[in-house]
There are 2 protein chains.
Amino acid sequence: MVTLAEVAKHAGVSASTVSYVLSGKRSISTTTRQRVEESIRKLGYHPNAGARALASSRSNIIALMIPLRTDMYVPVMMEIAIAVAAGARTHGYDILLLTGEEGPDAVRRVTGSGLADAMILMDVELDDERLPLLRGTHQPSVLIGLPADTEGLTCVDLDFRATGALCVEHLARLGHRDIAVIGEAAAVYERHTGFAERTLDGLRTRARELELRLLHRPCEGGYDAMAVTLARIFDERPGTTGFVVQNESAVEPLLALLRQQGRAVPEDVSVVAVCPEEVATQASVRLTSVSVPAQEMGRRAVEQLVAKLDGRGSDEVVLLAPELTVRASSGPAPVRP
Amino acid sequence: MVTLAEVAKHAGVSASTVSYVLSGKRSISTTTRQRVEESIRKLGYHPNAGARALASSRSNIIALMIPLRTDMYVPVMMEIAIAVAAGARTHGYDILLLTGEEGPDAVRRVTGSGLADAMILMDVELDDERLPLLRGTHQPSVLIGLPADTEGLTCVDLDFRATGALCVEHLARLGHRDIAVIGEAAAVYERHTGFAERTLDGLRTRARELELRLLHRPCEGGYDAMAVTLARIFDERPGTTGFVVQNESAVEPLLALLRQQGRAVPEDVSVVAVCPEEVATQASVRLTSVSVPAQEMGRRAVEQLVAKLDGRGSDEVVLLAPELTVRASSGPAPVRP
DNA sequence: GGAGCCTGTCGAAGCGCTTCGACACGCTAT
DNA sequence: ATAGCGTGTCGAAGCGCTTCGACAGGCTCC
């Protein structure tokens with residue numbers, strides 16, 4: 001293994017000079033710099049991460065906590081994770097992958113050991129038990145998702161409240177008066193996951209303002225669960241003509257069931273989805289949707305974090321504005337006889 | 001920040017003793033051990049990862065290279081990644097997440113810098129350009145997936161050849177003679193991704209042995225692409241009664257299209273899928289399937305790797321035996337008039 | 001009863017890097 | 001000419017930990 005000292009000897013300079021060439025923290029003459037750089041190349045030198053971390057107390061690693069549960073909104077999580085990893089690399093950081101399994105302990109471990117310089121947390125609950133720890137440490141962090149109290153925290157998220165409002169407005173404008181919301185699994189609401197509750201809040205508030213009737217039903221996803229949920233909805237509100245779906249694994253079952261029941265989309269019922277773009281465009285009906293900008297969220301989270309690590313930037317809540325794209329699944333409400 | 005030295009002073013022992021308590025590499029009397037452990041608890045001591053890595057040249061980190069492409073078989077990848085992360089933790093390792101983006105350079109960087117002690121590679125191509133690097137280094141590694149030449153490598157994968165054979169056999173036993181295979185996107189085959197090609201090979205070989213007609217068509221997934229693909233298939237082989245699908249995002253579209261065309265599943269056509277269990281059970285028809293044991297693969301990969309790191313275990317190819325679960329999507333071939 | 005052997009502890013020498021202060025040199029400004 | 005300054009380089013002191021050899025003390029064994 002090649003060390004800094006060997007590079008220094010090869011280039012005929014001192015170790016500190018090589019270090020300064022690498023870090024750029026002091027000015028180095030062009031000739032020296034070139035000589036050193038050539039030695040580095042020739043010897044195939046890679047700085048040792050551990051030594052670097054020890055000496056500088058910076059690991060150049062960002063910890064990313066992803067949810068352990070693999071049963072919900074998985075593609076979005078994966079997309080965010082990949083965007084985070086790629087974004088971090090462009091700033092010279094690597095990503096340490098932590099699953100939710102360890103819970104708050106992971107935060108302690110990472111903070112205490114200096115394994116990572118900063119953290120990004122996903123799957124944030126409204127009253128997340130990791131938050132006090134984050135507030136209590138000096139380690140920079142960014143949440144993807146919005147807890148109830150954002151005091152002293154930096155968060156990045158889609159504005160789910162506005163998302164909900166947008167969906168309702170779209171349907172209202174088309175003349176729908178009875179709207180059903182097919183949400184995430186009940187467990188998601190029970191955990192008080194921010195995005196789910198906020199969307200619902202946005203939907204309800206706007207529906208009230210526009211004097212629409214709104215029925216919300218959580219749904220596990222999958223064909224069977226959707227069948228039960230849908231039956232209940234039409235049972236309770238036979239006049240339902242508008243659907244808002246926020247559950248990837250319920251989308252296709254819903255469409256199949258409506259088709260099966262002879263309800264045409266968008267002639268008889270309209271469907272608006274909150275989901276990643278690919279789900280909306282690859283569904284059996286091209287869906288009018290508000291897309292969840294997973295990549296953008298991942299990228300922004302990294303940017304915020306890097307800014308903090310560089311001493312720029314401060315606590316801030318970044319809410320991305322939702323955009324509704326009209327496709328083939330929504331149209332004017334049918335005229336009542 | 002609490003250091004080893006402070007713990008030592010607090011416990012009234014030397015630093016090395018504390019270190020040996022932590023690592024267990026030398027015997028320590030019970031009384032001393034307890035005293036040290038209490039000091040550790042009281043002071044809230046966490047060993048510094050950088051210092052540890054430097055002194056021991058072990059980082060206790062495993063690098064995991066996941067594919068950058070987010071457009072294919074995503075849930076499986078995510079599930080493997082999470083299983084790997086969880087499994088690694090139980091052995092005291094953390095996971096460094098690398099995206100395919102950097103390509104072979106990532107291998108060099110990680111190996112050279114001592115960032116990680118070992119690597120797990122996903123999304124392995126038959127003739128992967130990272131393999132020479134792995135063979136050339138002394139760093140332990142495990143592939144999830146099977147390249148063409150496994151010499152000197154440790155691999156974990158589902159036996160996709162057997163998987164293909166199993167699907168064909170199942171359909172043959174039910175009397176189907178004309179089988180269509182709906183595969184992954186063409187790009188996956190062009191990259192010579194091991195699992196796709198091996199499945200196909202298994203399908204073809206067994207079909208030949210059983211004298212069945214087999215038609216393979218790659219498919220991008222999504223409703224539109226599936227519609228085109230399906231039309232072509234029935235155009236070319238109108239007598240097709242058996243389908244094998246290896247593409248999560250083509251499953252639901254296929255079922256919807258068949259339904260739409262008035263072809264009943266399983267009365268008129270049978271469908272066998274190669275996909276994760278949840279996809280098979282949540283589809284609009286409960287699918288006969290060979291499930292991809294993502295978690296098992298992740299867990300096994302970690303086990304192999306840890307064995308290597310501990311000096312046990314050797315190069316080995318672990319092929320998990322496929323299991324076909326019969327559900328509602330396959331039945332006897334229709335009797336020809 | 002001394003040689004030989006565990007057992008448990010300690011001191012010291014690094015691991016490879018960053019960083020601080022020092023300093024030599026060649027400027028410009030007086 | 002000389003003080004004063006900026007520029008480029010070096011030496012040395014750690015960063016917090018692991019690990020090796022040493023050794024004290026209490027064994028067993030012949």
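Nothing here was measured: the structure is a model prediction, and the numbers come from that model.
For B/E303 and B/R299, the salt-bridge test fails: no basic side-chain N is under 4.0 Å from an acidic carboxylate O.
Between B/L54 atom CG and D/dG16 atom C1' the separation is 9 Å, expressed in whole Å. Rounded to an integer number of Å, the gap from CG of B/N60 to P of D/dG16 is 19 Å. Summarising the geometry, the separation between CZ on A/R58 and P on C/dC17 is reported as 18 Å, rounded to the nearest angstrom.
Looking at A/E102, A/E129, A/M119 one by one, the single match for side chain to side chain contact (heavy atoms under 4.5 Å, CB included) with A/V107 turns out to be A/M119.
Residue contacts shown for B/I28 are limited to sugar-phosphate atoms, with no base heavy atom under 4.0 Å away. Nucleic acid contact class of B/T32 (heavy atoms, under 4.0 Å, all strands): sugar-phosphate only.
Phosphate contact (OP1/OP2 of D/dT7, side-chain N/O of A/S29, threshold under 4.0 Å): absent.
B/T154 and B/Q304 share no side-chain donor-acceptor pair at under 3.5 Å.
Listed by residue number, A/Y45, A/P47, A/N48 are the residues of residues 34-50 of chain A with a heavy-atom contact under 4.0 Å to DNA chain C.
A search for side-chain hydrogen bond (donor to acceptor under 3.5 Å, both in side chains) contacts involving A/R58 returns A/Y93, A/D117, not counting sequence neighbours.
Residues A/L153 and A/L131 have side chains in contact (heavy-atom distance under 4.5 Å, counting atoms from C-beta outward).
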Does the protein touch nucleotides 19-27 of chain D at the base, only the backbone, or not at all? Give it as B, S and - per nucleotide, heavy atoms under 4.0 Å. BBBB-----
